[in-house]
Amino acid sequence: MWQDFFPRLFTTFTENSQMLWDGLVMTLIVSFGAFFLGLAIAVILVAMRTTSGRGPLARFGRWFVMAYVTVFRAIPDAVVLLLLFFVFLAPFGWPVMWIGIIGLALPDSAFAEETLRASVQSISPDIMNAARDLGASRGVAMRKVILPIAFRKAIPDLGNLLILTTRGTAVLGFISIMDLMNTVSTIVSRTMDAMAAYMLLALMYFVVITLMTIAIKFLEVRVFKVKQTTT
């Protein structure tokens, strides 16, 4: 079994390189699309949950965010995808790629909201007060002062969320998206060589996640100047 493993691995890669490339591109499109859509939703949720309003609309907004986060942190990504595909979106003609992006973005937004809210709450109230003293409204101060600081503080956790989202794309095959995982499964069904194909899949995920980790670390240290903690 192992004697001719590397020739089989090379053959599997060369004979299916275009399929593998297409699957990798789809994986990255869905993972980055889901991450940034989830981040945009999370910003709205944080604004709703941290509002200081006392009216019924503000109270309803805070309740809604807490319920939203509770629901999407509890339901597995695969179940969210299946619900969107079979119940909520596909019956109305939504493209399957967008169903995949939205299906991963909803759980992402719940986790990102918790991360960003913790970052916002860790910022000294004096910064908000200083912005208000300079004439900025609370909304402007939040958008131009507080959120940029919160994003900078949350970069390590958000980077981990992007990596988890990319790994989580392996469930896209449940709704027939030809991502990397589903592509390799198709190759296995055709070649009947599961060992070489799945080892190639593991290698490709390893390379992609490693490069992504290096890029995130570069952004942390060189671009956003996030201080590294030592233990």
Side-chain angles (χ1 to χ4, degrees), residues 5-6 8-10 12-14 16-42 72-73 76-81 97-116 119 151-188 193-226 228-231:
F5 170 72
F6 289 105
R8 285 159 45 209
L9 187 70
F10 180 76
T12 301
F13 176 75
T14 55
N16 302 279
S17 58
Q18 187 59 53
M19 286 182 62
L20 291 168
W21 173 253
D22 292 342
L24 176 60
V25 170
M26 179 58 69
T27 291
L28 293 177
I29 288 174
V30 174
S31 61
F32 277 91
F35 174 76
F36 285 110
L37 177 59
L39 199 57
I41 296 172
F72 284 108
R73 288 185 68 181
D77 292 0
V79 177
V80 175
L81 286 170
M97 186 187 76
W98 277 103
I99 294 176
I101 290 174
I102 295 171
L104 295 181
L106 294 177
D108 273 9
S109 64
F111 286 96
E113 189 277 337
E114 293 287 277
T115 298
L116 287 175
S119 296
F151 270 110
R152 180 175 174 272
K153 294 166 69 71
I155 283 296
D157 290 331
L158 293 177
N160 288 334
L161 180 60
L162 175 59
I163 290 173
L164 292 174
T165 302
T166 304
R167 293 175 58 189
T169 56
V171 302
L172 292 174
F174 283 114
I175 58 172
S176 303
I177 293 180
M178 288 303 292
D179 67 314
L180 192 56
M181 179 70 182
N182 204 16
T183 297
V184 170
S185 297
T186 302
I187 293 171
V188 170
D193 190 352
M195 180 180 180
Y198 286 126
M199 286 296 290
L200 181 61
L201 174 66
L203 181 61
M204 292 181 69
Y205 269 116
F206 174 78
V207 171
V208 168
I209 297 300
T210 299
L211 292 176
M212 195 175 290
T213 302
I214 293 172
I216 292 169
K217 186 62 65 175
F218 175 82
L219 288 174
E220 289 180 24
V221 177
R222 297 297 181 88
V223 179
F224 293 99
K225 309 294 184 183
V226 178
Q228 302 298 299
T229 59
T230 58
T231 57

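What you see below is based on every heavy atom in this structure, not just the backbone, and it leaves out hydrogens, waters and symmetry mates.
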Atom OH of Y198: over 12 foreign heavy atoms under 6.0 Å:
yes

Between A154 and T115, which heavy-atom pair has the shortest distance, and what is it?
CB-CG2, 3.8 Å

Closest non-hydrogen atoms of G159 and I216, given as atom of the first, atom of the second and distance, are O-CD1, 3.3 Å

Can you list every pair that meets side chain to side chain donor-acceptor pair (under 3.5 Å) and has a residue in residues 167-183, with sequence neighbours left out?
none

Please report the closest heavy-atom contact between A34 and I101, naming both atoms and the distance.
CB-O, 3.4 Å

More than 12 heavy atoms of other groups within 6.0 Å of F13 CZ
no

Against V184, only a single residue in T12, L20, L200 fulfils side chain to side chain contact (heavy atoms under 4.5 Å, CB included); can you say which?
L20

Are the side chain of T27 and the backbone of L180 linked by a donor-acceptor contact shorter than 3.5 Å?
yes

Could you report the tightest heavy-atom contact between L81 and L172, atom names first, then the distance?
CD1-CD2, 4.1 Å

Beyond-backbone contact of L162 with F32, side-chain heavy atoms, under 4.5 angstrom
yes

Heavy-atom closest pair (A196 atom, L9 atom, distance to 0.1 Å) is O-CD1, 3.2 Å

Mind listing the closest non-hydrogen atom pair of P107 and V80 along with its distance?
CG-CG2, 4.3 Å

